[in-house]
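One structure is given below, encoded as structure tokens.
Below, all heavy atoms of this structure are taken into account, side chains as well, without hydrogens, waters or symmetry copies. So you know, we letter chains A, B, ... as the sequences are listed, proteins then strands, and number each from 1. No experiment lies behind these values; they were computed from the predicted model shown.
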Amino acid sequence: GAGVSQSPSNKVTEKGKDVELRCDPISGHTALYWYRQSLGQGLEFLIYFQGNSAPDKSGLPSDRFSAERTGGSVSTLTIQRTQQEDSAVYLCASSLAPTLGGSITGELFFGEGSRLTVL
Amino acid sequence: GNSVTQMEGPVTLSEEAFLTINCTYTATGYPSLFWYVQYPGEGLQLLLKATKADDKGSNKGFEATYRKETTSFHLEKGSVQVSDSAVYFCALSRSNTGKLIFGQGTTLQVKP
């Protein structure tokens, strides 16, 4: 379909391993967001990309977390040396550029998420 | 800092009952306010929004009014259906980046 696509949908890993989560936004959406949804914690903002601007990394919980967005499209969230507290659903969302009034409307389009379980 | 507080769930109602899910916020200035819904097995989607005080957002029979005096944005529906069973998230945005601050979510279960 034409929605936000995330992979893998489920990932089980051992403590200490690195994981990569992928997000393919809606074509033409220049803004991309990563959120984390933990049990009982709601949705926690992680990082925001807008076009060629420097990303807003203010929500990343530690330096084990990083994200990149190649070619202004696909994004990868990397978690190094995973810990059990990293277990959560990682959600990606995209929206139109603010200058087009997209993100100002608050209409973020979310993927179904990647469920990460760290044993 | 900016934050959103929602009533804890789960909320269990019978079909055709009246629904209220409370949401209050803390923010500087004048945020925009949103309700997102997550149906089982689907991604979050925008349900309704309000961008200034006294605005009423509405969609699919749901309504919420931006109350600056009480810093609230309660979600209401007059007659719920089984298909409304989902998790509802209240959120605010304080900038034009679209970065949203979410509440913890409220699970609604509607029984036939």
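- Here Ile101(B) contributes atom CD1 and Leu43(A) contributes atom CG; the two are 12.0 Å apart, rounded to the nearest 0.5 Å.
- Linking ILVMFWY residues whenever their side-chain heavy atoms come closer than 4.5 Å, directly or via other members, places Leu47(B) and Val11(B) in the same cluster.
- Put simply, Tyr88(B) and Leu92(B) are part of the same group of oily side chains (I, L, V, M, F, W, Y) that touch within less than 4.5 Å, one to the next.
- Proximity to chain A is absent for every atom of Glu8(B), based on heavy atoms less than 4.5 angstrom apart.
- Remark: Glu85(A) CD is packed, more than 12 non-hydrogen atoms of other residues, nucleotides or ligands lying under 6.0 Å away.
- With values rounded to the nearest 0.5 angstrom, Phe110(A) atom CZ is found 14.0 Å from Glu42(B) atom CD.
- Put simply, Leu60(A) and Leu116(A) are part of the same group of oily side chains (I, L, V, M, F, W, Y) that touch within less than 4.5 Å, one to the next.
- A cation-pi contact links Lys99(B) to Phe45(A), judged by a cut-off of 6.0 Å to the six-membered ring centre and 45° from its axis.
- Listed for the Tyr36(B) side chain is a donor-acceptor partner under 3.5 Å among the backbone atoms of Leu108(A).
- Within residues 105-112 of chain B, no residue has any heavy atom closer than 4.5 Å to a heavy atom of chain A.
- In this structure, Tyr35(A) contributes its side chain and Leu100(B) its backbone to a donor-acceptor pair below 3.5 Å.
- Only the side chain of Gln37(A) comes within contact range of chain B, with at least one heavy atom under 4.5 Å from a heavy atom of that chain.
- If you measure heavy-atom distances from Ser58(A) to chain B, the contacts under 4.5 Å come from the side chain alone.
- When each of Leu44(B), Leu33(B), Val4(B) is checked for heavy-atom pairs under 4.5 Å with chain A, Leu44(B) comes out on top.
- Within a 6.0 Å radius of NZ in Lys17(A), other residues, nucleotides and ligands contribute 12 heavy atoms or fewer.
- Note on Tyr39(B): it does not cluster hydrophobically with Phe109(A), by side-chain heavy-atom contacts below 4.5 Å among ILVMFWY residues.
- The same ILVMFWY cluster, assembled from side-chain heavy atoms under 4.5 Å apart, contains both Val19(A) and Val118(A).
- Take Arg115(A) and apply the salt bridge (Lys or Arg N to Asp or Glu O under 4.0 Å) test, not counting sequence neighbours, and it matches no residue.
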